[in-house]
Amino acid sequence: MPSFPETADVVICGGAAIGSSVAYHLAADPGFKGKVVVLEKDPTYRYSASALSAASIRQQFSSSVNIRISLHGIDFLRNIGTHLAVDGEVPAIDLHEGGYLYVASGEGAPVLASNQKLQQDEGADIALYAAEMLRSKFSWLNVEDLACGTYGISGEGWFDGWALLQAFRRKARALGVEYRQGEAAHYIVEGGRVVGVELRDGSRIGCGAVVNASGTHGARLAATAGIAIPVRSMKRYVFSFTCKGEVDNCPLLIDTSGAYCRPEGKRGSEGQMFICGASPPAELDREWIETDADVEDVDWSFFEEHVWAPLAHRVPAFEAIKPGRAWAGPYDMNELDGNAILGPAVGLPNLYLANGFSGHGLQQSPAVGRGLAEQIVHGGYRTLDLADLGHERIVAGRPLTEANII
């Protein structure tokens, strides 16, 4: 057994929303009395997916486990003060339950209807509207080529993702979690377990358990312990624009093209600001992030061709807009099935994976943090069974299909 200058019961590699949620839930668990150290290479979180996210939450998934994760998440966000208040100060995350609206043509209608039934059966407040009902509820929406849409009446919307990250971090620290600036370079494995973490600067820390919450660097770090996960860092753009036309009570709209938009802030003298984006078509989805600085390079032609054009078709008021700022953010994309990889790594039971969120990490952070903390402290899930997202399916090459990847 190698010797270490210091040890911790749990070392968490990555201190953004997922890592900090795990840290908080560990420290808050009455059954855990150990030492938790969170390694975060950049405490400014400048390039973190948590900070660059469009910060939304939905139940409109096509798999039960993802729906349940988000139902847990919205309850957590609604009751943020119960969980993350420090010295009586309740975090302000500006949760706005504006809903999601997925629309479908005749071809996509059966899938949307099937998903809605599953969502409703799981307890999500999702309605299925025919095209004429969509026209009635959203007068600004072009429904001429639509058959139906599904709308989150409650439990879906958007919030301040940066504030949630900082609230997790602040509460974890208040409960005794130690945050340390440093990047985990590789795991030290002995006897079928991870016994320590070596940092980029050469320092080492021993551990009883370790959590890989390293976002887009997670696959590289897992590989140092001989664990292969199909996670790749993909670039996704977020664009903003202002529209003077009346687009009242706009939910987060997902067009048949895959382009999305939602309001941002209150309507001002220049009109209403929106943020928007789209997943690239498969033939264009080759741009991936090799260094953190790559997130700062934005391709505006993508906005014009793949975002603005379809949104202007769906919402005619968007034909006249004023473009604003834009940024790029990283997706830790699970190339097997677009779903998170959670729980103990096959063959290394004290290495806990939290990788491959494919754009859903921020909204899933409350349930994932609690679930992994329960795994570490109690040896299994107690609040919500996340086993469907386990590493076993990756090893077996058995995808958990999710139709609603944005």
Side-chain angles (χ1 to χ4, degrees), residues 12-22 47-50 52-54 56-58 61-70 73 161 184 187 210-236 279-280 282 285-290 292 295 329-348 351-372 375 381 384-406:
I12 299 173
C13 304
I18 294 293
S20 288
S21 177
V22 176
Y47 302 111
S48 166
S50 296
L52 297 168
S53 167
S56 306
I57 184 168
R58 60 185 167 104
F61 289 93
S62 66
S63 56
S64 292
V65 66
N66 282 328
I67 299 168
R68 294 169 187 168
I69 285 172
S70 281
Y187 295 128
V210 65
V211 178
N212 182 344
S214 299
T216 54
H217 303 285
R220 185 172 62 202
L221 184 57
T224 68
I227 301 297
I229 52 176
V231 176
R232 190 178 184 188
S233 178
M234 309 298 293
K235 182 181 285 190
R236 292 292 183 267
S279 294
D285 200 8
R286 301 289 184 269
E287 193 167 13
W288 60 299
I289 297 171
E290 296 184 8
D292 285 336
V295 304
Y331 265 25
D332 53 330
M333 183 64 70
N334 177 357
E335 296 187 300
L336 177 67
D337 57 21
N339 281 305
I341 306 167
L342 302 178
V346 173
L348 285 176
L351 168 58
Y352 295 86
L353 302 173
N355 307 103
F357 288 92
S358 306
H360 307 136
L362 190 60
Q363 65 178 294
Q364 294 188 331
S365 60
V368 168
R370 171 161 289 188
L372 290 186
Q375 281 274 353
Y381 296 118
L384 184 63
D385 188 354
L386 306 180
D388 286 349
L389 298 173
H391 184 223
E392 292 82 2
R393 83 181 194 282
I394 306 298
V395 174
R398 185 181 67 250
L400 174 67
T401 303
E402 173 56 59
N404 292 348
I405 303 294
I406 302 175

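We count residues from 1, following the sequence as given.
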Minimal non-hydrogen separation, Ala225 against Tyr187, with atom names: CB-CD1, 3.8 Å
Set of residues satisfying side-chain hydrogen bond (donor to acceptor under 3.5 Å, both in side chains) with respect to Asn212, sequence neighbours excluded: Ser214, Asn355
Any residue meeting side-chain hydrogen bond (donor to acceptor under 3.5 Å, both in side chains) with Thr224, in chain and number order, not counting sequence neighbours: none
Atom pair OH (Tyr352) and NE2 (His391), whose distance is rounded to the nearest 0.5 Å: 14.5 Å
Ser70 to Phe61 - nearest heavy-atom pair and separation: OG-CE1, 3.6 Å
side-chain hydrogen bond (donor to acceptor under 3.5 Å, both in side chains) against Ser365, all qualifying residues, sequence neighbours excluded: none
Straight-line distance of Leu353 CG to Leu389 CG, nearest 0.5 Å: 12.0 Å
Asn339 (side chain) donor-acceptor with Leu400 (main chain) under 3.5 angstrom: yes
Residues that Glu392 engages under salt bridge (charged side-chain N to carboxylate O under 4.0 Å, His left out), provided they are two or more places apart: none
Residue pair Leu362 / Ser53: nearest heavy atoms and the distance that separates them: CD2-OG, 3.9 Å
Residues forming a side-chain contact (heavy atoms from CB on, under 4.5 Å) with Pro230, sequence neighbours excluded: Asn334, Leu336, Ile341, Ile394
Closest non-hydrogen atom pair, Tyr47 against Pro330: O-CG, 3.6 Å
Distance, nearest 0.5 Å, that separates CD1 of Ile227 from CG of Leu348: 4.5 Å
Those residues that, when tested against Ser50, pass side-chain hydrogen bond (donor to acceptor under 3.5 Å, both in side chains) (two or more places apart): none
Separation of Arg232 CZ from Ser358 OG (nearest 0.5 Å): 13.0 Å
Ala354 versus Ile18, closest heavy-atom pair with distance: CB-CG2, 3.7 Å
Within-4.5 Å side-chain heavy-atom neighbours: Pro399 and Arg393: no
Sidechain-backbone polar pair: Gln363 side chain, Arg58 backbone, donor-acceptor under 3.5 Å: yes
Intermediate values then yes/no, side-chain contact (heavy atoms from CB on, under 4.5 Å), Asn66 and Gln364: CA-CA 8 Å; Asn66 282 328; Gln364 294 188 331; 3.0 Å; yes
Distance in Å, Met333 CE paired with Ser233 OG, rounded so as to fall on 0.5 Å steps: 10.0 Å
Student check: side-chain heavy atoms of Val210 and Cys13 closer than 4.5 Å: yes
From Ser63 atom OG to Ile69 atom CD1, the distance as rounded to the nearest 0.5 Å: 8.0 Å
With sequence neighbours excluded, residues passing side-chain contact (heavy atoms from CB on, under 4.5 Å) with Asp332: Thr216, Val231, Phe357
Residues which pass side-chain contact (heavy atoms from CB on, under 4.5 Å) with Arg68, listed by chain and number, not counting sequence neighbours: Ser64, Glu122, Leu384
